[in-house]
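Notes for the one structure printed next.
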Amino acid sequence: MIDEERVKEMYHMAVYDAYQEKNCHQMGEYYLGDYIGKELIKSFFSGTIAYVLLVVLWGIGDMEALVSYLNNTELTDLIVHFAALYIAFMAVYLLVTVLVYGVRYVYGRKKMRVYVNHLIKVRKLYRREAGRKS
């Protein structure tokens, strides 16, 4: 005979497997610091690429301003200026990364706890049924 309570619990588990597992799977494999550290490394490289692309696009889009800026400044001033902008850009970018992935980690861990609770209930129901049969 079909146990309705067990079917409901297994349904919740199947919904998690279908929709949430790939989003929350990494939260079970990593600690918070490791997960955020991994994402910071990825964000460092993507942020550096984004900064370079922004500078190139700015240079292409406003060539006249770029040429006049290059004519009026020395190379060391230019390098210091772009380095300061890069540091500021990366600080903001990495701060946003920490905040976003910290929230994702907490949300994913909550989803995993719900899944584990459903799993525990199903296991108890199977044990109770096995106890009745013997």
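Expressed to the nearest 0.5 Å, how far OH of Tyr51 lies from CG of Leu85 amounts to 4.5 Å.
Both Leu32 and Leu40 belong to a common hydrophobic cluster when Ile, Leu, Val, Met, Phe, Trp and Tyr are linked at side-chain heavy-atom distances under 4.5 angstrom. Follow the hydrophobic side-chain contacts under 4.5 Å out from Tyr105 and you never reach Val114; the two are in separate clusters. Ile36 is connected to Phe45 through a chain of hydrophobic side-chain contacts under 4.5 Å among Ile, Leu, Val, Met, Phe, Trp and Tyr, so both are in one cluster. Hydrophobic clustering of Ile, Leu, Val, Met, Phe, Trp and Tyr side chains at less than 4.5 Å, counting indirect connections, unites Tyr35 with Ile41.
A donor-acceptor contact shorter than 3.5 Å is absent between the side chain of Asp62 and the backbone of Trp58. Asp34 places no side-chain N or O within 3.5 Å of a backbone atom of Tyr30 that could act as its donor or acceptor partner.
Counting heavy atoms from C-beta on, the side chains of Arg128 and Lys124 never come closer than 4.5 Å. Contact of the Val55 side chain with the Tyr86 side chain is not registered, since no non-hydrogen atoms from C-beta on lie closer than 4.5 Å.
In this structure, Arg104 satisfies the cation-pi test against Tyr101, with its NZ or CZ atom closer than 6.0 Å to the six-membered ring centre and inside 45 degrees of the ring normal.
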Under 3.5 Å, sequence neighbours excluded: what are the donor-acceptor pairs made by side chains of residues 88-97?
| from | atom 1 | to | atom 2 | distance (Å) |
| --- | --- | --- | --- | --- |
| Tyr93 | OH | Ser46 | OG | 3.1 |
| Thr97 | OG1 | Ser43 | OG | 3.1 |
| Thr97 | OG1 | Tyr93 | O | 2.9 |

Under 3.5 Å, which donor-acceptor pairs do the side chains of residues 75-84 form with other protein atoms, sequence neighbours left out?
none

Practice task
Could you go through the side-chain contact (heavy atoms from CB on, under 4.5 Å) check for Leu99 and Val103 one step at a time?
Solution key: CA-CA 6 Å; Leu99 294 174; Val103 169; 5.7 Å; no

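For Lys110, the NZ atom counts as loosely surrounded, since its 6.0 Å shell holds 12 or fewer non-hydrogen atoms of other residues, nucleotides or ligands.
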